[in-house]
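Notes for the one structure printed next.
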Amino acid sequence: MNSDFMKKKGMFKLISVILVGLLTYGVNKNEEAERAKQEEINRSFQDTMEVRQEQQEKITADIMVNDVIDKTVGDSTYHLPTLLSKSSDAMAMNLEILETYKKKIEAEEFRLNGGEELTIKDVFYESYYGTKVYSILIIEEHYDGSIIYKAYNIASVSGKKLSNGELITTAGLTNQEAAEQLLILCGEEFVDKYGEKEVYEANLRDQEESLSESEIQARLELYDEQYSKTIAYENYDIGAEMCLNQEGNLCIAGKIYSMEDNEYYMKILEIKK
C-alpha cells in the first residue's frame with residue numbers, strides 16, 4: 001500500500017511540475033506576444049504621429065497666409081499676402097503691407113491714366129514656414145530691371161516679430177559669421193555676372209567696337225573698385241532684408257556693385273548650413 005501510495009504521490013508531483021512548467025511556458029509566451037504586440041502598436045503610433053506632424057506642418061503653412069491684394073494695373077500684377085494671426089505684431093505687419101501697396105498701386109494707376117509708363121512690373125511673395133519662424137518675402141520687380149525686397153518674420157508659436165539679430169541666431173549663426181558668409185556669396189555673384197578679371201579683360205579686347213588701351217585700363221580699374229566694394233565688410237548691413245527659407249537657411253539681400261552704371265543691385269543670397 002505504502003509503495004503504491006508513494007508511486008502515486010511521486011506521479012502527482014511529476015504531473016504538477018509538468019503542469020507548472022507548461023503554464024509558465026504559456027505565460028512567458030503570452031508575455032512575449034503581448035510585448036511584441038505593444039512594440040508594434042508603439043511603432044505604428046510613432047509612424048502615425050510623424051505623418052500627422054508632416055500633415056500639420058503643411059496645413060499650417062497653407063493657412064498661415066492668405067492673399068490680401070490680387071490686382072492688375074495695366075500689364076503689371078500685384079499678388080500680396082496677409083498673415084492669418086491675431087498677434088499684434090502680425091496685424092501691424094498686415095496693415096503695413098496693405099497701406100504700402102495701396103499707395104503704390106494708386107501711384108501706378110495715376111501714371112497709367114496720365115499716359116505715363118509704369119515703373120513697377122510685378123509684385124509677388126514667397127512664404128516659408130518652419131517650427132520656429134514664419135517668413136514672408138515680398139519681391140517687387142521694376143521695368144528698369146531693379147528689384148526691391150521686403151521681408152517679414154514672426155515666431156511660429158507666439159506670433160512675435162523677430163529682429164534680424166534674432167533671425168540670425170535662430171539660423172545657428174553669429175552676426176560675424178553671417179557677414180563673412182554673405183560677403184563671400186556677394187563676391188561669387190559678382191564673378192558669376194562679370195567673369196574673373198582675366199576673362200573680363202579678354203572680353204573687352206574681343207569686342208567688335210575696339211576700345212583704346214586707356215579705355216580698357218579704366219574699365220579694369222572700375223572692375224577692381226566695384227569688386228572690392230562688393231566684398232568689403234562695409235557692404236554688410238545688419239538691417240538688410242532677410243528671412244529663413246524652408247530648409248531653415250538664412251537668406252539675405254546682398255548688395256552687388258555693378259559695372260554698367262557704377263551703382264549696385266540687390267539679390268537674395270542663401271547661406272547654406
Side-chain angles (χ1 to χ4, degrees), residues 61-62 64-84 90 92-129 133-154 161 164 167 182 185-195 203 222 226-227 229-230 235-237 239-247 249-271:
D62 289 341
M64 278 288 288
V65 67
N66 204 350
D67 296 336
V68 65
I69 296 177
D70 193 2
K71 187 176 180 61
T72 300
V73 179
D75 293 329
S76 303
T77 58
Y78 295 79
H79 189 53
L80 290 152
T82 183
L83 283 159
L84 301 181
M93 290 176 183
N94 289 337
L95 184 61
E96 179 181 314
I97 292 170
L98 184 62
E99 290 184 343
T100 297
Y101 280 95
K102 279 185 67 176
K103 291 178 182 178
K104 290 191 176 188
I105 288 171
E106 288 172 359
E108 290 295 277
E109 287 177 331
F110 184 80
R111 290 190 181 92
L112 183 66
N113 295 333
E116 299 179 39
E117 292 184 356
L118 298 177
T119 59
I120 298 175
K121 183 179 180 181
D122 290 302
V123 182
F124 55 97
Y125 69 92
E126 296 175 356
S127 59
Y128 311 103
Y129 175 77
V133 179
Y134 190 84
S135 292
I136 288 178
L137 178 65
I138 296 176
I139 302 162
E140 180 181 315
E141 297 179 342
H142 287 231
Y143 280 103
D144 64 3
S146 62
I147 300 177
I148 295 175
Y149 299 101
K150 180 62 180 177
Y152 295 90
N153 302 284
I154 64 171
K161 180 181 179 181
N164 282 359
L167 203 63
L182 176 67
L185 293 172
C186 287
E188 291 175 349
E189 170 66 20
F190 183 94
V191 172
D192 286 344
K193 186 173 179 64
Y194 300 110
N203 291 335
L222 179 61
Q226 299 297 77
Y227 179 75
K229 288 194 292 187
T230 296
N235 192 33
Y236 173 71
D237 180 10
E241 300 302 320
M242 61 181 72
C243 63
L244 294 188
N245 65 12
Q246 205 65 44
E247 289 71 40
N249 293 332
L250 185 66
C251 300
I252 308 179
K255 186 187 297 183
I256 293 88
Y257 282 83
S258 172
M259 292 294 297
E260 282 76 29
D261 50 18
N262 203 26
E263 292 294 329
Y264 60 82
Y265 64 93
M266 306 298 294
K267 184 171 182 178
I268 291 290
L269 301 170
E270 178 185 4
I271 300 176

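Please read all numbers here as calculations on a predicted model, not as lab measurements.
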To the nearest 0.5 Å, what is the distance between OH on Y143 and OG on S76?
3.0 Å
With a 4.5 Å limit on heavy-atom distance, are the side chains of I105 and Y78 in contact?
yes
Which pair of heavy atoms, one from M242 and one from A151, lies closest together, and at what distance?
O-CB, 3.2 Å
Between K121 and E140, is the closest basic N to carboxylate O distance under 4.0 Å?
no
Look only at the side chain of N245 and the backbone of E270, and say whether a donor-acceptor pair between them is shorter than 3.5 Å.
no
More than 12 heavy atoms from other groups under 6.0 Å of NZ on K104
yes
Smallest separation among heavy atoms of G74 and L112, with atom names
N-CD2, 3.7 Å
Could you tell me whether E117 atom CD has more than 12 heavy atoms of other residues or ligands within 6.0 Å of it?
no
Within a strict 4.5 Å, meaning less than it, do heavy atoms of the I154 and M93 side chains meet?
yes
With side-chain contact (heavy atoms from CB on, under 4.5 Å) as the test, would you mind laying out the steps for T82 and L98 before giving the verdict?
CA-CA 8 Å; T82 183; L98 184 62; over 6 Å; no
Are the side chains of Y125 and I138 in contact, using a 4.5 Å heavy-atom criterion?
yes
What's the verdict on side chain to side chain donor-acceptor pair (under 3.5 Å) for Y152 and E96, showing C-alpha distance, side-chain angles and the deciding distance?
CA-CA 10 Å; Y152 295 90; E96 179 181 314; 2.8 Å; yes
Nearest 0.5 Å, please: how far is CD1 in I268 from CG in L185?
11.5 Å
Straight-line distance of M266 CE to I252 CD1, nearest 0.5 Å:
10.0 Å
Give me the atom names and distance for the closest heavy-atom approach of V123 to Y101.
CG1-CE2, 3.8 Å
Is any side-chain heavy atom of D192 closer than 4.5 Å to one of F190?
no
Out of curiosity, I139 CD1 to K150 NZ, how far, rounded to the nearest 0.5 Å?
14.0 Å
Under a 4.0 Å threshold between the charged nitrogen and the carboxylate oxygen, would K103 count as salt-bridged to E108?
no
What is the distance from atom SG of C243 to atom CG of L167, rounded to the nearest 0.5 Å?
7.5 Å
Closest contact, heavy atoms only, Y194 versus M259:
OH-N, 3.1 Å
Taking the inter-plane angle between the rings of Y129 and Y134 on a 0 to 90° scale, is it parallel (under 30°), tilted (30 to 60°) or perpendicular (over 60°)?
tilted
Could you verify whether a donor N or O on one side chain and an acceptor N or O on the other, from Y265 and E189, lie under 3.5 Å apart?
yes
If you take all heavy atoms of N235 and K229, which pair is closest and at what distance?
CB-O, 3.4 Å
So do the side chains of K193 and K267 get within less than 4.5 Å of each other, counting heavy atoms only?
no
For side-chain contact (heavy atoms from CB on, under 4.5 Å), just list the numbers for Y227 and V191, CA-CA rounded to whole Å, side-chain angles, deciding distance to a tenth of an Å, and then say yes or no.
CA-CA 8 Å; Y227 179 75; V191 172; 4.0 Å; yes
Run the numbers on N94 and L83 for side-chain contact (heavy atoms from CB on, under 4.5 Å), then give the verdict.
CA-CA 6 Å; N94 289 337; L83 283 159; 3.5 Å; yes
Crowding at CG, D75 (>12 non-hydrogen neighbours, <6.0 Å)
no
State the OG-CG distance between S135 and N153, to the nearest 0.5 angstrom.
3.5 Å
Under 3.5 Å donor-acceptor, D122 side chain and T77 backbone
yes
Looking at every non-hydrogen atom in both residues, tell me the closest pair between G254 and L269 and how far apart they are.
CA-CD1, 4.3 Å
Treating Q226 as the side-chain partner and S258 as the backbone partner, does any N or O pair qualify as donor plus acceptor under 3.5 Å?
yes
Please evaluate residues K255 and T230 with respect to the criterion side-chain contact (heavy atoms from CB on, under 4.5 Å), reporting the C-alpha separation (whole Å), side-chain torsions for both, the decisive distance (0.1 Å), and the verdict.
CA-CA 7 Å; K255 186 187 297 183; T230 296; over 6 Å; no
Is there side-chain contact between H142 and I148, with at least one heavy-atom pair below 4.5 Å?
yes
